[in-house]
Amino acid sequence: MKSEPDAYSIDDLKQDGQVRWSGVRNYEARNIMRDKMNVGDRALFYHSNVKPPSIVGEMEVCTEPYPDPLQFDPDSKYFDEKSSESDPRWQLIDVKFIQKFEKPVTRDALKEDSFFDEMQLFKRNRLSITSVTKEEYEKILKMAGV
DNA sequence: GCCAACGTTGGC
DNA sequence: GCCAACGTTGGC
């Protein structure tokens with residue numbers, strides 16, 4: 001799950017403990033949160049738009065999917081006038097902090113290893129939430145030294 | 001329903 | 001800061 005650290009970082013999550021993953025306005029990313037994620041699932045926190053782009057920590061899904069409140073807030077940049085409380089368009093989950101990697105795993109490090117060639121992070125370039133296989137996940141934890 | 005125009009993301 | 005990739009919008 002990507003976030004620009006200027007907007008929200010792994011350190012912010014460490015401090016907050018838990019956060020609502022608000023603001024996703026892409027159907028595919030939404031579908032992953034709505035359909036694929038279950039309470040207790042682990043997820044990787046990816047810092048985008050910084051040098052170097054890296055996986056910086058681990059978190060855990062801690063709610064069922066529910067409507068993103070910002071879609072109903074006219075003052076929010078994430079307001080969606082085509083959505084309604086009775087038929088909400090945007091669903092999300094909350095995640096809680098598990099750990100921050102002492103050794104972040106850089107995008108470059110993943111690219112150097114052909115094991116990760118098929119990783120959705122690379123296949124679906126700009127998607128803010130992509131799926132990770134169990135094998136990829138475990139190898140990334142190893143690379144992070146945990 | 002097609003597709004050009006447009007806007008955004010995010011690596012580089 | 002550039003620009004490729006790609007999703008969305010809206011005219012027709």
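Each chain gets a letter, A, B and so on, in the order the sequences are listed, and its residues count up from 1. Keep in mind it's a predicted model, so treat the numbers as computed, not measured.
- In this structure, of B:dC12, C:dG7, B:dG10, it is B:dG10 that holds the atom nearest to the side chain of A:S128.
- Side-chain polar atoms of A:Q71 and A:S83 form a donor-acceptor pair below 3.5 angstrom.
- Among the atoms of the strands shown, none is found under 4.0 Å from any heavy atom of A:K51.
- Residue A:R124 is in sugar-phosphate contact alone, with no base atom involved, counting any heavy-atom pair closer than 4.0 Å across all strands shown.
- To the nearest angstrom, P of B:dT9 lies 12 Å from CZ of A:R25.
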A:M59 and A:L13: CA distance, side-chain angles, deciding distance, side-chain contact (heavy atoms from CB on, under 4.5 Å) verdict: CA-CA 9 Å; A:M59 49 204 182; A:L13 180 61; 3.6 Å; yes
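- Separating the CZ atom of A:R126 from the P atom of B:dG11 is a distance of 11 Å, rounded to the nearest angstrom.
- The interatomic distance linking A:D6 (CG) with B:dT9 (P) rounds to 14 Å, in whole Å.
- The 12-atom threshold is exceeded at NZ of A:K139, counting heavy atoms of other residues, nucleotides or ligands nearer than 6.0 Å.
- Counting any heavy atom pair closer than 4.0 Å across all strands shown, A:Y46 reaches sugar-phosphate atoms only and no base atom.
- Remark: P of C:dG7 and CG of A:L127 are 8 Å apart, rounded to the nearest angstrom.
- No close placement of the A:W21 and A:Y66 rings is indicated, their centers lying 6.0 Å or farther apart.
- If you measure from atom CG of A:N125 to atom C1' of C:dC3, you get 13 Å, rounded to the nearest angstrom.
- Between the OH atom of A:Y78 and the C1' atom of B:dT9 there is a distance of 12 Å, rounded to whole Å.
- For the pair A:N26 CG and B:dG7 C1', the interatomic distance rounds to 14 Å; values are reported in whole Å.
- The separation between A:N49 atom CG and C:dG1 atom P is 13 Å, rounded to whole Å.
- When the nucleotides C:dG7, B:dG10, B:dC12 are ranked by their closest atom to the side chain of A:D108, B:dC12 comes out on top.
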